[in-house]
Amino acid sequence: MEPPQSPSSTTKKPDDQNEPKQTPPPSTTTIHHCLPHSTTPTTTATCRSCGGPAEIPPPQPVWSEMSPPPNYRPIRAPAVNLPPNYSQQAIILTPVPKSQKVSVISLPHEFQSPSKMIHSPDDIRHFVETDSANNFVGFIVSLSESIRGKKLSEPCHESEILGCICSIMDTLMCWVDEIPPVQQSARYGNYAFRDWSARLLASSEDLMLKFLPEELRSSIVELVPYFTDSFGNSSRIDYGTGHETNFAAWLYCLARMGLVKEEDYQGVVSRVFVKYLNLMRKLQTVYSLEPAGSHGVWGLDDYHFLPFIFGSSQLIDHKYIKPKSIHNQDIVDNFAEEYLYISCIAFVNKVKKGPFYEHSPLLNDISGVPNWNKVNGGLLKMYKAEVLEKVPIMQHFLFGSLLKW
């Protein structure tokens, strides 16, 4: 059975949305407004009474007026008949980012406390042109390629540092059980999350010392801010793709210091990142974290982006699971534990109600892409454009000696 039609598949012109519907005159014999034969309306049909053109009212929009279609559709060309958007077209035509080898620092190295540097679109343009930005994106692509065609349960190289980081994630998970949510009337933002965050901040240096060798212990001043910003904001009690990017930046810093090596990349995704994702889902559920910077129904996901990138890479060249398979509940139920993309779909189905094409139209759109290779490339471009090049997200990002401004 064909999946329900997504909002992006309509061909209605935005300029027609506010036009009044043509109302027939109060007559039992006349069923239309006859137009002058010299008139050439946009949509016409032949009048049975006079043989002239008859105007047909435009179709009604599928989407809600409260949630208009997004300006950016990276996976495939927009089905909505919008005016030309040249910046959007430029993004779509941009090459897929390539993997890069992370440059390891040499010791001794002077670490510094990272700070915010992005305040305007000009700062964003400066950032995306730097070697640091390209190397960071290349690191994300390398993580994606490391898990290509592999299940999460497949054996991989598990170094001592990866085991230590996984142990830290388990510790943070236990803290959620020790700090239960408080009773309050607000739907989002349980105040108990601030207690959890306070414990994280107080313990972060000790957590870093568990795996840092003696010669790199001075890096704590640079690592701790990335790490503590990876789990949401305690003041706003929210979480979003910016915090997720901080966790990726923390892993990137470890790679820059030579603690995480290329042979660890598959384990970084299938062991460390999976632990992090499970922790964040628990924090989101228990403490009702507000989505930070969410696009609402027109976003890819309320909280995450990277698991869709890694998960789509896992499914490249899969014999049976195709992008449209996310609508098959049996596949979602049976493969959520092995593939991050399917796991994300299962979680979306769990926390959101109603038809999938209504609460997740962009994911529904992506399900129409013919293969996972195109999905993965499109998501990488979308991550760069919708996360790393957005001032509201990157204004909170930090820059130090490992991730330079």
Side-chain donor-acceptor contacts of residues 242-250 below 3.5 Å, not counting sequence neighbours, with atom names and distances?
from: His243; atom 1: ND1; to: Gly240; atom 2: N; distance (Å): 3.0
from: Glu244; atom 1: OE1; to: Phe305; atom 2: N; distance (Å): 3.0
from: Glu244; atom 1: OE1; to: Leu306; atom 2: N; distance (Å): 3.0
from: Glu244; atom 1: OE2; to: His304; atom 2: ND1; distance (Å): 3.0
from: Glu244; atom 1: OE2; to: Phe305; atom 2: N; distance (Å): 3.3
from: Glu244; atom 1: OE2; to: Leu306; atom 2: N; distance (Å): 3.4
from: Thr245; atom 1: OG1; to: Thr241; atom 2: O; distance (Å): 2.8
from: Thr245; atom 1: OG1; to: Tyr383; atom 2: OH; distance (Å): 2.8
from: Asn246; atom 1: ND2; to: Gly242; atom 2: O; distance (Å): 3.1

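Sequence neighbours left out, the pairs with a member in residues 123-140 that pass salt bridge (Lys or Arg N to Asp or Glu O under 4.0 Å) are Asp122-Arg125. Listed by first and then second residue, the side chain to side chain donor-acceptor pair (under 3.5 Å) pairs that reach into residues 187-199 are Glu178-Arg199, sequence neighbours excluded. Residue pairs meeting the salt bridge (Lys or Arg N to Asp or Glu O under 4.0 Å) criterion with at least one member in residues 329-338: none, sequence neighbours excluded. Applying the salt bridge (Lys or Arg N to Asp or Glu O under 4.0 Å) test to residues at least two apart or on different chains, the pairs with a partner in residues 145-164 are Arg148-Asp317, Glu158-Arg271. For residues 277-289, the set of pairs meeting the salt bridge (Lys or Arg N to Asp or Glu O under 4.0 Å) definition, not counting sequence neighbours, comprises Asp177-Lys282.
Applying the salt bridge (Lys or Arg N to Asp or Glu O under 4.0 Å) criterion to Lys101, with sequence neighbours excluded, gives Glu262. Looking at residues two or more places apart in sequence or on another chain, you find no side-chain contact (heavy atoms from CB on, under 4.5 Å) involving Gln183. In this structure, Tyr341 has no side chain to side chain donor-acceptor pair (under 3.5 Å) partners at least two apart in sequence or on a different chain. A search for side chain to side chain donor-acceptor pair (under 3.5 Å) contacts involving Ser159 returns Asp264, not counting sequence neighbours. Not a single salt bridge (Lys or Arg N to Asp or Glu O under 4.0 Å) links Lys322 to another residue, sequence neighbours left out. Under the rule for a side-chain contact (heavy atoms from CB on, under 4.5 Å), the partners of Asn134 that lie at least two apart in sequence or sit in another chain are Gln100.
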